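For reference, the structure I am asking about is given below.
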2 protein chains.
Amino acid sequence: MIATERKRGRPRAFDAETGLDIALRAFAQRGFDAVGVADLCALMGVKPPSLYAAYGSKRDLFDRAVARYGAGTAAVYDAAIAQATDLPDLRRRVLTAALDLYLRDAGLGCLVISTLSSTADPDLRDALSDLVAARRAGMIARAIALGATRPEAEAEVMAISVAMMGLSAAARAGLGAEPLRAALDRLI
Amino acid sequence: MIATERKRGRPRAFDAETGLDIALRAFAQRGFDAVGVADLCALMGVKPPSLYAAYGSKRDLFDRAVARYGAGTAAVYDAAIAQATDLPDLRRRVLTAALDLYLRDAGLGCLVISTLSSTADPDLRDALSDLVAARRAGMIARAIALGATRPEAEAEVMAISVAMMGLSAAARAGLGAEPLRAALDRLI
DNA sequence: AGGATAAGATAATGATCGCTACAGAAAGAA
DNA sequence: TTCTTTCTGTAGCGATCATTATCTTATCCT
């Protein structure tokens, strides 16, 4: 633990990391647009000026939540992709890992996908779309490394991506774990 | 054509059916929440009081759009379900029919699924969720009639439903027709 | 023409949005 | 203590939300 030097001025009365987790949960559950600053403040037990001093803006807070989400899930996806032995195995590993993530915390779905398909902000959609495209690119590269042709790889990864969008939406819609796992078994 | 009896009072300056189509497009493209009454008025070339006089409320207008959408798509899905000969054929017929619908008009996605996964209104979500559940129930009944056990039928229909959610989200995200068709081929 | 009826536009309602000016409070530094 | 720095709460900003009261305009019926 780095010796947190005592800072000058009045100390913050809440933990910024805890607040970020709370925001991440709220954003994943209801999407960026549906979570108001007033909601976030109520959940964190904080007034708007404190939230803005700590995080900048609602969008900045969301971006930090996405970064945290990505940091927490990258290892899972990277491992699934790296360990895949062929195209069907890639699909199976990625989709089962994704569904496990989506079902955590009573079915939050994917923060990125959920907001991508629910926000009205074009800038935000573009940014999240880039994230999804980057993840797809990584899977395509791996599929090609496993011997697939580029068209094959692109089609397979698009199929995986579509399935992920469906699983995220279904998990967030409240569909239970067992039905979704049974359904996923049939998509693999 | 029924002889539209001349009504008393000042005649309406716009066509309510055309306006409903415009609203249907806007709702399917951007979701219920993201389309404001001001947007609808601008698209229809109408002022708010006229819109409210013609349709009641934003929610009423949306409900009428959903009814219209359902009336326009029910035949397609009913045919796909009725013509299916076994479980794989049911999936193939329903998903290809769905994707064709989703790709119309530069990728509107499904009005019901798009709004279901983007609105913050719990009442609206419940109503749309019931619509989706009803469609699933129809498919499950057909699957059982085709010889599947109930668990089999439920799992297969859930797989179809998850794929539909993914396809709708993907189409609305702007992914092209050919990549999506290639991906769908791999999910069948 | 004159009255009845209904749709038009203007303009405003209260509520909520993301965000912030301002002043008071709590800490270290002098 | 007094100064400086940084956070906190109050209270409110302008913008936008869905919705509507009011008045004017256009048409039918007598």
Side-chain angles (χ1 to χ4, degrees), chain A residues 3-20 22-24 26-27 30-66 115 118-125 127, chain B residues 3-20 22-24 26-27 30-66 115 118-125 127:
Chain A
T4 56
E5 290 198 23
R6 274 294 217 187
K7 294 207 288 188
R8 313 230 321 181
R10 179 172 175 170
R12 185 169 286 149
F14 68 102
D15 182 47
E17 292 300 307
T18 304
L20 185 54
I22 293 173
L24 168 49
F27 282 135
R30 310 205 301 258
F32 178 79
D33 296 22
V35 178
V37 172
D39 298 325
L40 293 167
C41 288
L43 288 169
M44 296 187 195
V46 152
K47 305 293 179 183
S50 300
L51 188 147
Y52 279 84
Y55 305 106
S57 68
K58 182 189 172 188
R59 174 63 194 276
D60 289 336
L61 173 54
F62 179 80
D63 287 343
R64 288 183 55 175
V66 168
T115 295
S118 72
T119 186
D121 180 346
D123 287 343
L124 181 51
R125 248 204 318 252
Chain B
T4 57
E5 291 198 21
R6 277 290 218 186
K7 296 208 288 191
R8 312 231 315 180
R10 179 171 175 172
R12 185 169 285 150
F14 68 102
D15 182 47
E17 293 299 308
T18 303
L20 186 53
I22 293 173
L24 167 50
F27 282 135
R30 310 205 302 257
F32 178 80
D33 296 22
V35 178
V37 172
D39 298 326
L40 293 168
C41 289
L43 287 169
M44 296 187 196
V46 152
K47 305 292 178 184
S50 300
L51 188 147
Y52 279 84
Y55 304 106
S57 70
K58 183 189 172 188
R59 174 61 193 275
D60 289 335
L61 173 55
F62 179 81
D63 288 344
R64 287 184 56 176
V66 168
T115 295
S118 71
T119 186
D121 180 348
D123 286 343
L124 181 51
R125 241 197 331 245

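On a predicted model such as this, the values are computed, not experimentally measured, just so you know. Numbers restart at 1 for each chain; the letters A, B, ... are given by sequence-line order, proteins then strands.
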**Report entry** 5'-most by nearest nucleotide on DNA chain C - A:R59 or B:R10
**Finding:** B:R10
Report summary line: Among the nucleotides C:dC19, D:dA18, D:dT8, whichever has the atom closest to the side chain of A:Y52 is C:dC19
Query raised in the report: Does A:D63 come within less than 4.0 Å of A:R59, counting only side-chain N to carboxylate O?
Result: yes
Requested in this report: Would you kindly give the CG-to-C1' distance between B:D33 and D:dT16, to the nearest whole Å?
Outcome: 14 Å
Requested in this report: Can you tell me the distance, in whole Å, between the CG atom of B:D63 and the C1' atom of D:dA18?
Outcome: 15 Å
Query raised in the report: Mind checking whether A:F14 and A:Y55 have parallel, tilted or perpendicular rings, split at 30° and 60°?
Result: tilted
**Report entry** Approximate separation, where rounding is to 0.5 Å, of A:F62 CZ and A:L24 CG
**Finding:** 9.0 Å
Query raised in the report: Of all the nucleotides listed (D:dA18, C:dG8, C:dC19), which has the minimum atom distance to the side chain of B:A13?
Result: C:dG8
Requested in this report: Return the nearest nucleotide to the side chain of B:F14; candidates are C:dG18, D:dG9, C:dG8.
Outcome: C:dG8
Query - Derivation of the salt bridge (Lys or Arg N to Asp or Glu O under 4.0 Å) call for A:D121 and A:R125 - result: CA-CA 6 Å; A:D121 180 346; A:R125 248 204 318 252; over 6 Å; no
Query raised in the report: Between D:dG9, C:dA29, D:dC29, which nucleotide gets closest to the side-chain atoms of A:P49?
Result: D:dG9
Report summary line: The nucleotide from D:dT20, C:dA26, D:dT10 with an atom nearest the side chain of A:P11 is C:dA26
Report summary line: Whole-Å distance, B:D60 CG to D:dA18 P, equals 14 Å
Report summary line: Looking only at C:dA29, D:dA26, C:dC19, the nucleotide nearest the A:S57 side chain is C:dC19
Query - Length of the line joining B:K47:NZ and C:dA12:P, which is rounded to integer Å - result: 15 Å
Requested in this report: Send over the distance from A:F62 CZ to C:dC19 P, rounded to a whole Å.
Outcome: 14 Å
Requested in this report: Could you check whether A:A53 gets within reach of a base, just the sugar-phosphate, or nothing at all, counting any heavy atom under 4.0 Å?
Outcome: nothing
Query raised in the report: Taking only N and O in the side chain of A:R8, is any of them less than 4.0 Å away from OP1 or OP2 of D:dT4?
Result: no
Requested in this report: Please check the phosphate of C:dA7 (OP1 and OP2 only) for any side-chain N or O of B:S50 closer than 4.0 Å.
Outcome: no
Requested in this report: Would you give the length of the straight line joining atom CG of B:L124 to atom OG1 of B:T115, rounded to the nearest 0.5 angstrom?
Outcome: 6.5 Å
Report summary line: Taking for B:F32 and for B:G9 the nucleotide of DNA chain D with the nearest heavy atom, the one nearer the 5' end belongs to B:F32
Query - Between P of C:dC19 and CG of A:D39, the distance in whole Å - result: 14 Å
Query raised in the report: With sugar-phosphate meaning primed atoms plus P, OP1 and OP2, does A:V37 contact a base, only sugar-phosphate, or nothing at under 4.0 Å between heavy atoms?
Result: sugar-phosphate
Report task. Grab the CG-C1' distance between A:L61 and C:dC19 for me, whole Å please. Result -> 14 Å
**Report entry** Distance, rounded to the nearest Å, where B:L51 contributes CG and D:dC17 contributes P
**Finding:** 14 Å
Requested in this report: Kindly compute the distance separating CD (B:E17) from CG (B:L20), expressed to the nearest 0.5 Å.
Outcome: 6.0 Å
Query raised in the report: Can a side chain N or O of B:K58 be found less than 4.0 Å away from OP1 or OP2 on D:dA18?
Result: yes
